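Remarks on the structure that follows.
Predicted, not measured: the structure shown is a model, and the values here were computed from it. Heavy-atom basis, side chains included; hydrogens, waters and symmetry copies ignored. For reference, positions follow the sequence shown, starting with 1.
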Amino acid sequence: MAVTTPPYTSDALAEGTVDAVVIGGGAAGLNGALILARSRRSVVVIDSGFPRNAPAKAVHGLLALDGTPPPEILRRGREQVRQYGGRIVFGEVVSAEPAAPSADGDLRFTVTLADGRRITARRILVATGLTDVLPQVPGLAEHWGHSVVHCPYCHGWEVRDEPIGILATGPASIGHAYLFRQLTEDLTYFTHGTDLDEDSRARFAARGIRVIDTPATEVVNDTDGALAGVRLADGQVVARRVVAVAAPMQARTQGLEGLGLPVRDLPNMGRGFASGTAGTTEVPGVWVAGNATDLVAQVGASAAAGALAGADINRMLAIADTDAALQGIAEGSPQGATG
């Protein structure tokens with residue numbers, strides 16, 4: 001199900017210590033890097049090349065960029081970060097951990113890539129995104145991002161008036177059904193082994209939503225390979241052109257264990273990194289932004305979160321720079337040293 005971005009030229013990994021390393025080259029990471037680079041900070045983005053929305057044909061609901069293919073948005077983003085001196089390095093982070101502080105006490109982190117390269121940074125922005133955990137139903141994953149969708153705001157207009165099936169994963173799917181009912185009059189809810197209370201059944205009936213309790217066993221295609229329906233355990237095929245799944249979401253945490261970032265479980269949604277204002281975390285010097293912490297953020301919200309985090313990182317670096325300057329003056333002056 002993982003889809004990589006189109007190949008692009010990778011910058012050389014910076015030598016020495018950089019102001020910030022951004023782990024993740026999606027909307028959140030690139031916008032955070034853009035803010036930092038425009039603030040004349042040395043910044044390196046580490047991009048593994050597997051954005052969550054790579055299977056989708058276009059990004060929707062993003063003002064002025066509605067309908068733009070995801071790879072094009074990323075291409076423009078990388079170009080703009082580089083315009084201000086930021087570096088984009090294609091690679092996979094296998095470890096990130098605190099390092100010994102500088103002589104003036106400023107924070108340091110070491111980030112190691114899969115090929116063994118390392119970089120030292122004063123601050124880290126984690127923008128790794130998330131993974132959608134699809135139900136293990138044969139045929140489902142191959143249509144992900146096209147005829148199998150998750151977000152009525154990202155894909156809803158494009159599937160309007162189609163026969164849509166909701167493949168339930170839990171309580172979140174109930175609300176999912178109401179949103180997709182706004183888009184079509186032909187909606188079928190497959191409980192797929194999940195509970196559906198009587199009140200919800202009555203509400204579904206009032207909206208003309210058909211409920212099927214027989215478990216789904218397979219997503220079937222027509223002769224052209226397009227999604228044609230859902231096969232049930234009794235052999236019946238329910239004709240559908242679109243299947244919507246409220247899949248649990250898991251932040252991408254691999255390689256980041258050494259940072260000790262706290263995670264939180266969000267009921268009926270999944271698991272992401274815990275964060276505070278502007279993406280701050282309990283770990284000094286580390287911020288998080290985008291889907292890694294806000295599981296439901298679309299591209300615009302993720303980019304905005306990256307910008308806020310980048311600005312906050314720059315603010316904290318400015319304070320650290322001033323502290324170091326004061327310390328240097330004090331250490332270089334007998335008067336400062338004594339009093």
Side-chain angles (χ1 to χ4, degrees), residues 5 8 10-11 13-14 16-48 51-53 59 62-65 68 70 72-90 93 96 106-109 111 119-129 251-252 256 259 261 272-273 275-281 283-294 297-324:
T5 54
Y8 63 88
S10 174
D11 296 327
L13 195 65
T17 299
V18 297
D19 288 321
V21 164
V22 178
I23 304 175
L30 288 174
N31 218 26
L34 181 63
I35 292 295
L36 286 162
R38 282 178 51 81
S39 299
R40 307 189 75 174
R41 295 294 180 184
S42 54
V43 58
V44 174
V45 177
I46 308 297
D47 177 21
S48 65
R52 179 194 185 195
N53 63 359
V59 169
L62 182 59
L63 188 65
L65 292 174
T68 307
E72 174 61 15
I73 290 178
L74 296 180
R75 184 195 67 79
R76 295 181 194 177
R78 290 191 290 266
E79 183 179 274
Q80 289 170 357
V81 170
R82 286 169 166 156
Q83 177 182 344
Y84 298 103
R87 299 192 185 200
I88 314 294
V89 176
F90 190 86
V93 172
D106 191 29
L107 298 169
R108 292 291 185 270
F109 298 89
V111 177
I119 186 170
T120 301
R122 300 173 66 191
R123 304 293 184 269
I124 288 180
L125 172 57
V126 172
T128 49
R252 294 172 176 169
L256 305 178
L259 293 176
L261 291 171
F273 289 116
S275 66
T277 304
T280 54
T281 73
V283 180
V286 181
W287 283 252
V288 294
N291 286 144
T293 181
D294 184 357
Q298 294 177 263
V299 173
S302 292
L308 287 173
D312 201 50
I313 292 170
N314 182 53
R315 179 179 69 86
M316 295 304 293
L317 285 170
I319 292 172
D321 292 340
T322 305
D323 290 343

- Message: Restricting to non-hydrogen atoms, name the atom on Ile35 and the atom on Gly310 that form the minimum distance, rounded to 0.1 Å.
- Response: CG2-C, 3.8 Å

- What's the shortest heavy-atom distance between Val111 and Ala96, and which atoms? CG2-CB, 4.2 Å

- Please examine the side chains of Ile73 and Leu62, heavy atoms only from C-beta on, and report whether any two atoms are closer than 4.5 Å. yes

- Side-chain heavy atoms of Tyr84 within contact of Leu36, under 4.5 Å: no

- Query: Which residue pairs pass the side-chain hydrogen bond (donor to acceptor under 3.5 Å, both in side chains) test with at least one member in residues 20-37, sequence neighbours excluded?
  - Reply: none

- Message: Restricting to side chain to side chain donor-acceptor pair (under 3.5 Å), what partner residues turn up for Ser302, sequence neighbours left out?
- Response: none

- When Arg76 is tested against each of Leu65, Leu30, Val81 for side-chain contact (heavy atoms from CB on, under 4.5 Å), which residue passes? Leu65

- Task: With the side chain counted from C-beta on, respond yes when Phe273 and Thr128 share a heavy-atom pair under 4.5 Å apart, and no when they do not.
- Result: yes

- Task: Output the distance between atom CG (Leu74) and atom CG (Asn53), rounded to the nearest 0.5 Å.
- Result: 6.5 Å

- Gly86 to Asp11 - nearest heavy-atom pair and separation: O-OD2, 4.1 Å

- Message: Within the 4.5 Å heavy-atom criterion, are Val18 and Thr120 side-chain neighbours or not?
- Response: no

- What are the two closest heavy atoms between Ala289 and Ala309, and how far apart are they? CB-CB, 4.3 Å

- Go through the steps for Ile23 and Leu125 under the test side-chain contact (heavy atoms from CB on, under 4.5 Å), then give the verdict. CA-CA 6 Å; Ile23 304 175; Leu125 172 57; over 6 Å; no

- Item | Counterpart residues, side chain to side chain donor-acceptor pair (under 3.5 Å), relative to Asp106 (two or more places apart) | Arg108, Arg122, Arg123

- Item | Sub-4.5 Å side-chain heavy-atom contact between Leu13 and Ile46 | yes

- Message: Donor-acceptor check, side chain of Asp47 to backbone of Ile88, threshold 3.5 angstrom: yes or no?
- Response: no

- Query: Just how far is it from atom OG of Ser275 to atom CG of Asp294, taken to the nearest 0.5 Å?
  - Reply: 8.0 Å

- Check each of Val126, Thr280, Thr293, Leu308 against Trp287 using the side-chain contact (heavy atoms from CB on, under 4.5 Å) test, and report the only one that passes. Thr280

- Got a sec, which residues hit salt bridge (charged side-chain N to carboxylate O under 4.0 Å, His left out) with Glu79, two or more places apart in sequence or on another chain? Arg75

- Query: Within the side chain of Thr281, is there an N or O that forms a donor-acceptor pair under 3.5 Å with the backbone of Val286?
  - Reply: yes

- Task: With sequence neighbours left out, write down each residue that passes side chain to side chain donor-acceptor pair (under 3.5 Å) with Ser42, or none if nothing qualifies.
- Result: Asp19

- Query: Is there side-chain contact between Asn291 and Arg52, with heavy atoms separated by less than 4.5 Å?
  - Reply: yes

- Set of residues satisfying side chain to side chain donor-acceptor pair (under 3.5 Å) with respect to Arg41, sequence neighbours excluded: Asn314, Asp321

- Message: Could you tell me if the side chain of Ser48 sits less than 4.5 Å from the side chain of Val93, heavy atoms only?
- Response: no

